[in-house]
> 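Dropping a structure here in C-alpha cells format, bear with me for questions.
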There are 2 protein chains.
Amino acid sequence: MQKAVQKRTLRTRARLLAASEEVIHREGYEALRVEEVVKAAGVAKGTFFAHFRDKDALMEILIGERLSSIFDQVEANLPPKTVPELIRVLKPIHSFMTSERYVFDLLIRYSGAAAVAEIGPIAHCFERYFRVVENWLTYADVRKDVSADLLAEGVQAFAIQAMSLKFCALHEAQSFEDKLEIYLEAWLTPAT
Amino acid sequence: MQKAVQKRTLRTRARLLAASEEVIHREGYEALRVEEVVKAAGVAKGTFFAHFRDKDALMEILIGERLSSIFDQVEANLPPKTVPELIRVLKPIHSFMTSERYVFDLLIRYSGAAAVAEIGPIAHCFERYFRVVENWLTYADVRKDVSADLLAEGVQAFAIQAMSLKFCALHEAQSFEDKLEIYLEAWLTPAT
DNA sequence: CTAGGAAACTGACCGTGGTCATTTTTAGGA
DNA sequence: TCCTAAAAATGACCACGGTCAGTTTCCTAG
C-alpha cells in the first residue's frame, strides 16, 4: 500500500499556506518573500522547498485557488446572451487577472501548463474559462458559422490581448472593457 | 551644450553588446549570465548596470534588434493576399518568437512597453507587426465590415494565442500553424 | 516496548542579479 | 602642460531563490 502521509506533513503545509496567504493579504502577491513565509510559519527554508517545487509553484496554488473561487461565483450567473453581458459577467475574473502585473505575468506564463510536465491549477482555470464561455456561446446570440469552441478560444485570445493593453504605456487612453467590447463585437457578431 | 558622451562609453557599451551576442550565439538567450558577459568584456559588474538598467534591458535590446532585422526581411516580400500566404510570410517572425521559451516570455512581458516609463524596442516590434499586417490586410481578400487595424490587432492576438499553445503540454498534438490557420480563417474570411 | 528504517525537517551554503561608496579616467579651460 | 569637476569604472557587498548533507521525528514490525 501507499506509505501514508504523516499528519505532520499536512500541518506544516497548512501552516505554510496560511502564512503565505497572510503575507499576500497584507502586502500583495508581488511582495511575497520565501524567507518571510517560513519565518511566519516557524519552519526552516528547506522545508518550504520540500513542500513546493519553487516559489512559483506556491503562487500557482494560491492564485489558482483564488481564481477558481471567482469562477464559482461567475458560473452562478445566468448565461449572458450578448457581448456587453458577457463582458459584465466575466468582469470579476478579468479584474483579478489584472489586479497586479505580477499576477498577470504569472498567469500567462502558466496558462498553458508549465513547460515541464503536468498541467497545474492555473492551466485548469484557463481551460475552465474556455469551457464556460463555450457553453454560454452555444446558446447566445452570436455567429454560428464557426463552432462555439473556436469562438470561445477567440474570446480568450482577445481578453488576453485587451488585458495586456491595460499594462501598456501606449494604449492607456482606451479602457480595457471598451477595447474588449470592440474586439468581441467584431468576433462574435453574426455574419449577416 | 550637451556634455558629449565619452568615446570610452561607446567602446565599453559595444564591448558589452559584442560579448553578450557571443555568449548568446554559443549558448542561447536563456543561458546568458551577467558575470560571464562582464568577464568576456573585461569590465566590472557595476559597469554593466551603468550601461543597462538591468539584465532584461540588455535582452530587450538584443532580442529587439534581432526581431527587427527579421521584420526587414519579411517586409521585403510581396504582400500576402490569403490566410495561408499571410502565415507563410510571417513564419520567420513566429519562429524566432517561439525559438526559446525564455524569449517568448520576455517578448510577452515587454510587448506593451515595460510597466515603467517609455516604450522599448520590443514594444516597437509589436507595433510594427501590427502596422505591417494592417497594411497587408487593407489590400487582401478579407472581410471589410471591420477596419483593417482591428483585423490586424486580432491577427496579433490569435498569433500570440497559437504561440502560447506551442508551449502548452495540453495542445501539443496540433501544430502551431494549423491552429493559427483555423483562427485566422474564422477571423478574416469575408462575411458572405 | 523497542529498534531501525523512512519521512520530514534543518540551516549553512551557493548562484546570480543588482547596489553604491570609492577610485580612476577623461576632457577642456587657464 | 597642469588642474579640476564631471563622467565612468570598480568590486565588495546585499537580497533572495534554491540546494543538500546531516539531524530529528515518526511509524510500524517484531
> Taking only the side-chain nitrogens and oxygens of Thr9(A), find out if one of them lies under 4.0 Å from OP1 or OP2 of dA7(C).
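Checking dA7(C) against Thr9(A), no side-chain N or O comes under 4.0 Å of OP1 or OP2.
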> Whole angstroms only, please: what is the CG-P distance between Leu10(B) and dT26(C)?
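Atom-to-atom, Leu10(B) to dT26(C), this comes out as 14 Å.
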> Could I get the full list of ring-ring contact (aromatic ring centres under 6.0 Å, His included) partners for Phe52(A), not counting sequence neighbours?
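So Phe52(A) forms a ring-ring contact (aromatic ring centres under 6.0 Å, His included) with Phe48(A).
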> Is the shortest side-chain N to carboxylate O distance from Lys179(A) to Glu153(B) below 4.0 Å?
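Yes, charged N to carboxylate O under 4.0 Å.
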> Taking Arg109(A) first and then Asp105(A), would you say they form a salt bridge - that is, a charged N and a carboxylate O separated by under 4.0 Å?
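Looking at Asp105(A) together with Arg109(A), the answer is no, because their closest N to O distance does not fall below 4.0 Å.
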> For Phe104(A), which residues count as a ring-ring contact (aromatic ring centres under 6.0 Å, His included) partner, sequence neighbours excluded?
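For Phe104(A) the ring-ring contact (aromatic ring centres under 6.0 Å, His included) partners, ignoring immediate neighbours, are Phe167(A).
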> With sequence neighbours excluded, tell me which residues meet side-chain hydrogen bond (donor to acceptor under 3.5 Å, both in side chains) with Ser99(B).
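Partners of Ser99(B) by the side-chain hydrogen bond (donor to acceptor under 3.5 Å, both in side chains) criterion come out as none, since no residue qualifies.
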> When the distance from CZ of Arg15(A) to C1' of dA8(C) is rounded to whole Å, what number comes out?
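Atom-to-atom, Arg15(A) to dA8(C), this comes out as 13 Å.
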> Taking only residues two or more places apart in sequence or in another chain, which ones pass ring-ring contact (aromatic ring centres under 6.0 Å, His included) with Phe176(A)?
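His94(A).
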> OP1 or OP2 of dT10(D) sitting under 4.0 Å from any side-chain N/O of Thr47(B)?
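Answer yes for this pair, as a side-chain N or O of Thr47(B) is under 4.0 Å from OP1 or OP2.
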> With a 4.0 Å heavy-atom cut-off, tell me which residues in residues 19-31 of chain B come close to DNA chain C, sorted by residue number.
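None, since no heavy atom is under 4.0 Å.
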> Please name all residues satisfying side-chain contact (heavy atoms from CB on, under 4.5 Å) with Asp54(B), sequence neighbours left out, ordered by chain then number.
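Residues passing side-chain contact (heavy atoms from CB on, under 4.5 Å) with Asp54(B): Asp56(B), Ala57(B).
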> Tell me, please, which residues at least two apart from Phe49(B) pass ring-ring contact (aromatic ring centres under 6.0 Å, His included).
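Result, ring-ring contact (aromatic ring centres under 6.0 Å, His included) vs Phe49(B): none returned.
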> Mind calculating the distance between NZ (Lys55(A)) and P (dG18(D)) to the nearest angstrom?
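Result: 8 Å.
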> I need the residues from residues 32-46 of chain A with at least one non-hydrogen atom less than 4.0 Å from DNA chain D; give them sorted by number, or say none.
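Only Leu32(A), Arg33(A), Val34(A), Lys45(A), Gly46(A) qualify.
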> To the nearest Å, how far apart are Phe48(B) CZ and dA8(D) C1'?
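The answer, rounded to whole Å, is 16 Å.
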> In whole Å, I'd like the distance from the CZ atom of Phe49(A) to the C1' atom of dC20(D).
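Result: 13 Å.
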> Tell me every residue that passes side-chain hydrogen bond (donor to acceptor under 3.5 Å, both in side chains) with Arg11(A), counting only those two or more places apart in sequence or in another chain.
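Checked Arg11(A) against side-chain hydrogen bond (donor to acceptor under 3.5 Å, both in side chains); zero matches.
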> Using atom CG of Asp54(B) as one end and atom C1' of dC16(D) as the other, report the distance to the nearest whole Å.
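Rounded to the whole Å, the gap is 16 Å.
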> Arg11(B) CZ to dT25(C) C1': how many Å, rounded?
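Checked: the CZ to C1' distance equals 11 Å.
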> Could you state the CD-P distance from Gln6(A) to dT25(D), rounded to the nearest angstrom?
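For the pair Gln6(A) CD and dT25(D) P, the rounded distance is 12 Å.
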> Give a yes/no on whether any side-chain N or O of His51(B) is located under 4.0 angstrom from OP1 or OP2 of dA9(D).
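True: His51(B) side-chain N/O within range (under 4.0 Å) of dA9(D) OP1/OP2.
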